[in-house]
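All remarks here apply to the structure that follows.
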Amino acid sequence: MRVLVAEDEALIRLDLAEMLEEAGYEVVGQAANGEQAVELARELTPDLVIMDVKMPGMDGISAAEVLGREGIAPVVMLTAFSDRALVERARDAGVMAYVVKPFTANDVLPAINIARSRWQERQALESEVADLAERFETRKRLDRAKGLLQQQLKLSEAESFRWIQKAAMDRRLSMREVADAVISGMPTKK
């Protein structure tokens with residue numbers, strides 16, 4: 001797994017990178033602030049980003065929000081602070097796991113696995129939602145086209161559906177494409 005480390009304290013950043021490499025991860029980049037973390041993540045497309053909360057300029061939570069919104073990589077947040085407001089802000093930003101300093105490999109490595117798993121679940125859900133939205137839009141267009149065919153050609157609903165289905169097969173088009181052609185080409189009664 002390819003990991004980007006973002007931590008403003010150089011000693012902690014180097015220790016973390018060494019810990020990750022010893023555990024078999026490839027550290028593809030290191031950043032000292034949030035802006036640099038976002039730039040490197042966009043450029044390197046890591047599998048995971050481990051980031052400190054408090055960094056100069058753009059903080060880790062703001063950077064995590066950008067990475068999540070752009071769908072770049074899951075974020076494991078590191079922090080010396082565990083107050084409720086900070087944890088909630090990190091959760092709302094899409095952070096997948098949260099580790100409190102001081103940490104050991106036994107703290108970080110399970111958090112990485114949880115973050116990757118949650119990220120994969122999120123991506124699968126987003127894909128499913130997009131597919132359902134596409135299917136719903138297709139269904140709406142088919143229903144509208146069937147209605148126009150029923151109205152203009154005096155066909156039953158089943159006949160309208162079969163007409164669209166046959167036109168799609170004959171023309172090697174999707175049923176949605178035929179429905180769109182029906183909708184755009186049929187005169188409507190005023």
Side-chain angles (χ1 to χ4, degrees), residues 1-4 6 25-26 28-29 31 34-51 58 60-77 87-98 110-190:
M1 184 184 310
R2 302 171 66 249
V3 180
L4 171 66
Y25 295 98
E26 178 187 358
V28 295
E35 291 94 350
Q36 189 179 26
V38 170
E39 288 173 21
L40 283 174
R42 285 175 176 152
E43 177 186 327
L44 301 171
T45 61
D47 299 316
L48 182 104
V49 177
I50 299 179
M51 188 169 342
M58 179 188 286
I61 294 176
S62 299
E65 193 171 33
V66 171
L67 298 180
R69 185 175 54 243
E70 294 181 12
I72 295 172
V75 174
V76 173
M77 193 61 61
V87 172
E88 288 175 1
R89 188 171 161 235
R91 180 202 63 214
D92 293 345
V95 169
M96 298 287 148
Y98 197 88
I112 288 172
N113 290 331
I114 289 169
R116 283 294 298 162
S117 177
R118 289 184 67 204
W119 181 260
Q120 290 166 345
E121 289 171 4
R122 176 181 156 188
Q123 288 184 312
L125 285 172
E126 287 174 352
S127 176
E128 188 176 335
V129 166
D131 181 55
L132 288 172
E134 177 71 20
R135 288 176 26 200
F136 180 66
E137 184 61 31
T138 296
R139 183 66 189 203
K140 287 187 338 189
R141 292 180 190 190
L142 282 172
D143 286 345
R144 183 160 177 227
K146 285 189 313 185
L148 287 169
L149 290 171
Q150 287 173 271
Q151 185 181 51
Q152 299 295 321
L153 303 179
K154 308 294 186 227
L155 300 175
S156 69
E157 183 177 1
E159 290 169 332
S160 297
F161 182 79
R162 280 193 297 276
W163 188 95
I164 293 170
Q165 196 175 39
K166 183 175 181 341
M169 287 189 293
D170 291 347
R171 291 169 180 81
R172 289 186 164 79
L173 298 172
S174 70
M175 289 180 62
R176 181 173 175 164
E177 290 171 315
V178 172
D180 286 342
V182 168
I183 292 166
S184 64
M186 288 295 250
T188 56
K189 288 184 180 177
K190 301 259 177 176

- Query: Is Gln120 reaching over with its side chain to a backbone N or O of Ser117, donor-acceptor style, under 3.5 angstrom?
  - Reply: no

- Message: Leu4 vs Leu48, test: side-chain contact (heavy atoms from CB on, under 4.5 Å). Steps then yes/no.
- Response: CA-CA 6 Å; Leu4 171 66; Leu48 182 104; over 6 Å; no

- Task: Give the minimum heavy-atom separation between Ala111 and Ala97, together with the two atoms involved.
- Result: O-CB, 3.5 Å

- Item | Glu134 with Arg176: basic N within carboxylate O range, under 4.0 Å | yes

- Under 3.5 Å: donor-acceptor pair, side chain of Ser184, backbone of Asp180: yes

- Give the C-alpha distance, both sets of side-chain angles, the deciding distance and a yes or no for side-chain contact (heavy atoms from CB on, under 4.5 Å) between Ile112 and Ile50. CA-CA 8 Å; Ile112 288 172; Ile50 299 179; 3.8 Å; yes

- Would one find more than 12 heavy atoms of other residues, nucleotides or ligands at under 6.0 Å from atom CZ of Arg69? yes

- Should we count CZ of Arg171 as having more than 12 external heavy atoms under 6.0 Å? no

- Task: Measure from the side-chain N and O atoms of Arg116 to the backbone N and O of Asp47, and report whether any donor-acceptor pair falls under 3.5 Å.
- Result: yes

- Query: If you measure from CD on Glu177 to OG1 on Thr138, what distance do you get to the nearest 0.5 Å?
  - Reply: 10.0 Å

- Residue pair Met96, Val75: steps toward the side-chain contact (heavy atoms from CB on, under 4.5 Å) verdict: CA-CA 6 Å; Met96 298 287 148; Val75 174; over 6 Å; no

- Note on the structure: Interatomic distance, CG@Asp143 vs CZ@Phe161, rounded to 0.5 Å, equals 10.0 Å

- What's the shortest heavy-atom distance between Arg144 and Ile183, and which atoms? NH1-CG2, 3.2 Å

- Nearest heavy atoms of Arg122 and Gly94, plus distance in Å: NH1-O, 4.4 Å

- Message: Once rounded to the nearest 0.5 Å, what's the spacing between atom CD of Gln152 and atom NZ of Lys154?
- Response: 7.0 Å

- Message: What I want to find out is whether Lys140 reaches Glu137 closely enough, with some N-O distance under 4.0 Å, to be called a salt bridge.
- Response: yes

Would you list the atom pairs, donor with acceptor, under 3.5 Å between side chains in residues 35-42 and any protein atom, with sequence neighbours excluded?
unit_1 : atom_1 : unit_2 : atom_2 : d
Glu35  : OE1    : Met58  : N      : 3.3
Glu35  : OE2    : Met58  : N      : 3.0
Gln36  : OE1    : Ala32  : N      : 2.7
Arg42  : NE     : Glu70  : OE1    : 2.9
Arg42  : NE     : Glu70  : OE2    : 3.4
Arg42  : NH2    : Glu70  : OE2    : 2.5

- When every non-hydrogen atom of Gly29 is compared with those of Leu44, the smallest separation belongs to CA-CD1, 4.0 Å

- Step through the shown structure and confirm whether more than 12 heavy atoms of other residues, nucleotides or ligands are within 6.0 Å of CZ on Arg2. yes

- Does the pair Val3 and Val28 meet the rule for a side-chain contact (heavy atoms from CB on, under 4.5 Å), with working shown? CA-CA 6 Å; Val3 180; Val28 295; over 6 Å; no

- Item | Minimum-distance pair of heavy atoms, taken over all atoms of Gly60 and Met77 | O-CE, 3.5 Å

- Task: Quick one: which residue pairs count as a side chain to side chain donor-acceptor pair (under 3.5 Å) with a foot in residues 155-168, not counting sequence neighbours?
- Result: Lys146-Glu157, Ser156-Glu159, Lys166-Asp170

- Query: Looking only at heavy atoms, what is the nearest atom pair of Pro46 and Ala73, with distance?
  - Reply: O-CB, 3.4 Å

- Message: Around atom CD of Glu128, are there more than 12 heavy atoms from other residues, nucleotides or ligands closer than 6.0 Å?
- Response: no

- Between Ile164 and Leu142, is any pair of side-chain heavy atoms under 4.5 Å apart? yes

- Query: Atom CD1 of Ile72 and atom CH2 of Trp119: how far apart are they, to the nearest 0.5 Å?
  - Reply: 8.0 Å

